[in-house]
Amino acid sequence: MAVINKVVKDAREGCEGVQDGMTLMLGGFGLCGIPENCISELVRLNVQDVTCISNNAGVDDFGLGLLLKKKQVKKMISSYVGENDEFERQMLSGELEVDLIPQGSLAERCRAGGVGIPAFFTPAGYGTEVQGNKEVREFDGKPHILESALTADFALVKAWKGDTAGNLIYKATARNFNPLMAMAGKITVAEVEELVPAGELDPNEIHTPGIFVQRIFQGVNYEKRIEQRTVRES
Amino acid sequence: MLDKHGIAKRIAQELQDRWYVNLGIGIPTMVANYIPDHIDVEFQSENGILGMGRFPTEDEVDPDLINAGKQTITARPGAVYFDSAASFGMIRGRHVQLTVLGAMEVAQNGNIANWKIPGKMVKGMGGAMDLVASAQNIIVAMMHTNKAGKSKLLRECTLPLTGVNCVTKIVTNMATLEIKDEKFHLLERAPGVTVEEIKAATEGDLVVPAEVPEMKI
């Protein structure tokens, strides 16, 4: 009996089946830990009217900004979308639907979607416009609002190392939303900087178990653009 | 009157030994530069690091290692990385002892607005709503008045709220204040600032004790 093999050739094979109108999750915080290869493939496929669940929306000419520029996105579900003029223009003109969600609620909603929790109560957003007509309930005298789980047709995530069984290890703060979204995709596609045979990663150190990953491939040409390069003198 | 660095310096005095602290973007980030030598604290950044260190040298820059302001950073010995759900678990679960963040408006009932100006600035709340809804200790770092000279310490917030009844302490360029019983209480004056000037710059109800000490910076 062999290990279940999740390997696909590249982003093109990884994103096979992505269609117009689908809901996609994309890992990353800012431009850190974004699935660069899959984003390029979405641009090439030119899928339309997609809903993107991603903490941020990239910058004008990189990351999700590339999809926004080509007007492929119908709706964004994010916590923070600054740093992108085209995004702001489309949002203010009404071309783009935007659902802004507190970052912790966004993370937990993705996690919940992956682990079979349909909804949960959180204090974040109570008394603000995020509350809307969500159910409010008090626990220990403190009001909370009911937030529902999020899932996606495809979750596109980026990891540092992965193996042929789909097990993933992330590097530093490039982890962020990736492990949560990996759990919440009907089809989760992982692109990694280093793909190794199953058995080579230490099982003690794996962050995302391969059961959550349907397709994995070795990514190429990572740019890893830095948004705010901040350095000190020596 | 304090400048932004002075505000950060004053807030640094509030930190206690063994605290885990989350610093927001702007003035709050500067607080890390003024930690007294005799206390040990760790900084949490909500994108997924505890034990955030200094900015890197040119050689140390790692695009996979940033803070919530998307700036490149370093990790201190003993640092740890985690996913965004665990990160906000630390925050909601009250494992982080202090949150320092900026604000556009604070009301005398502890309400805070810092994420949206309708029609003008709609960038999103990021982690601010989760932070203010759960932190036991929130210090707001901001200028006392806005660019138009209007007070930012109000009876009621006029901008969309980030959180309700949550702010307990405010350090501005003019004063240190506490919120109690739905009123601002003046604790300290910034160097060279008079009580009269603070009163004039505060729209909300301000309780002024007989003696208002000057900050020791």
Side-chain angles (χ1 to χ4, degrees), chain A residues 29-33 55-57 78-84 88 91-92 98 100-108 110-112 122-130 142-144 160 170-180 207-208 222-234, chain B residues 29 45-49 52 54-75 79 81-92 111 113 115-116 118-134 160-166:
Chain A
F29 185 100
L31 301 177
C32 181
N55 188 55
N56 311 91
S78 302
S79 87
Y80 187 83
V81 295
E83 279 81 65
N84 190 320
E88 208 153 348
M91 176 167 64
L92 293 172
V98 180
L100 292 169
I101 296 177
Q103 196 175 122
S105 298
L106 179 61
E108 195 65 16
C110 293
R111 199 187 79 83
T122 176
Y126 170 77
T128 74
E129 60 187 55
V130 166
K142 189 174 169 167
H144 294 70
W160 180 32
Y170 308 91
K171 191 178 153 212
T173 55
R175 192 182 316 186
N176 54 65
F177 284 81
N178 283 299
L180 312 166
H207 299 130
T208 291
Y222 283 105
E223 183 178 340
K224 294 198 184 183
R225 200 184 289 189
I226 295 171
E227 271 182 81
Q228 305 284 341
R229 176 183 285 267
T230 311
V231 294
R232 68 171 202 274
E233 301 290 317
S234 70
Chain B
T29 306
S45 197
E46 64 268 24
N47 59 315
I49 177 173
M52 179 168 49
R54 299 187 291 175
F55 293 125
T57 61
E58 200 61 58
D59 293 342
E60 289 170 338
V61 167
D62 177 353
D64 290 324
L65 184 48
I66 62 169
N67 63 18
K70 294 160 192 160
Q71 294 171 306
T72 43
I73 54 164
T74 56
Y81 307 117
F82 33 83
D83 67 57
S84 302
S87 183
F88 283 94
M90 292 171 194
I91 290 161
R92 264 188 260 98
N111 287 1
W115 75 281
K116 182 177 181 181
K120 269 194 196 158
M121 189 203 81
V122 192
K123 293 180 188 297
M125 66 291 282
M129 284 193 184
D130 310 88
L131 281 158
V132 301
S134 300
L161 295 178
T162 307
V164 295
N165 310 120
C166 53

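Chain letters run A, B, ... following the sequence lines, proteins first and then strands; every chain starts at 1.
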With a 4.5 angstrom heavy-atom cut-off, is it the side chain or the backbone of [X] that approaches chain A, or both, or neither?
| X | answer |
| --- | --- |
| B/Val122 | both |
| B/Ala68 | both |
| B/Glu46 | both |
| B/Thr162 | backbone |
| B/Asn67 | backbone |

Problem set entry | A/Arg229 bridged to B/Glu58 by N-O distance under 4.0 Å | yes
Exercise. Is atom CZ of B/Arg54 surrounded by more than 12 heavy atoms (other residues, nucleotides or ligands) closer than 6.0 Å?
Worked result: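 Count not over threshold, so no.
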Segment of [X] engaging chain B (4.5 angstrom heavy-atom cut-off):
| X | answer |
| --- | --- |
| A/Ile101 | backbone |
| A/Asn84 | neither |
| A/Val130 | side chain |

Rounded to the nearest 0.5 Å, what separation is found between the [atom1] atom of [X] and the [atom2] atom of [Y]?
| X | Y | atom1 | atom2 | value |
| --- | --- | --- | --- | --- |
| B/Asp83 | A/Tyr170 | CG | OH | 9.0 Å |
| B/Ile66 | A/Phe29 | CD1 | CZ | 6.0 Å |
| B/Ser87 | A/Arg175 | OG | CZ | 11.0 Å |

Should [X] and [Y] count as side-chain neighbours, where that means a heavy-atom distance under 4.5 Å?
| X | Y | answer |
| --- | --- | --- |
| A/Gln103 | B/Phe88 | yes |
| A/Glu129 | B/Lys116 | yes |
| B/Asp62 | A/Lys171 | yes |
| B/Trp115 | A/Leu100 | yes |
| B/Tyr81 | A/Thr173 | yes |
| B/Lys70 | A/Ile226 | no |
| B/Asn47 | A/Cys32 | no |
| A/Glu88 | B/Lys123 | yes |

Problem set entry | Test side chain to side chain contact (heavy atoms under 4.5 Å, CB included) applied to A/Leu180 and B/Ser84, step by step | CA-CA 8 Å; A/Leu180 312 166; B/Ser84 302; 4.0 Å; yes
Search all heavy atoms of [X] against all heavy atoms of [Y] and return the closest pair with its distance.
| X | Y | value |
| --- | --- | --- |
| A/Ser105 | B/Asp130 | N-OD2, 3.2 Å |
| A/Pro123 | B/Ser134 | CG-OG, 3.6 Å |
| B/Gly163 | A/Thr128 | N-CG2, 4.0 Å |

For this session: For each of B/Gly126, B/Ala75, B/Ala133, tally heavy-atom pairs with chain A at distances under 4.5 Å, and name the one with the top tally.
Result: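 The answer is B/Gly126.
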For this session: Output the option from B/Pro160, B/Gly89, B/Pro56 having the highest count of non-hydrogen pairs under 4.5 Å with chain A.
Result: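 When all of B/Pro160, B/Gly89, B/Pro56 are compared, B/Pro56 has the most.
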Exercise. A/Gly33, A/Ser79, A/Ala124, A/Ala107: which one forms the most heavy-atom pairs within less than 4.5 Å of chain B?
Worked result: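 Of the options given, most contacts go to A/Ser79.
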Seminar exercise, completed: chain B shares the most heavy-atom pairs under 4.5 Å, among A/Val81, A/Leu92, A/Asn176, with A/Asn176
Is a side-chain donor or acceptor of [X] paired with a backbone partner of [Y] at a separation under 3.5 angstrom?
| X | Y | result |
| --- | --- | --- |
| B/Arg92 | A/Gly104 | yes |
| A/Arg111 | B/Ala85 | no |
| B/Thr72 | A/Thr230 | yes |

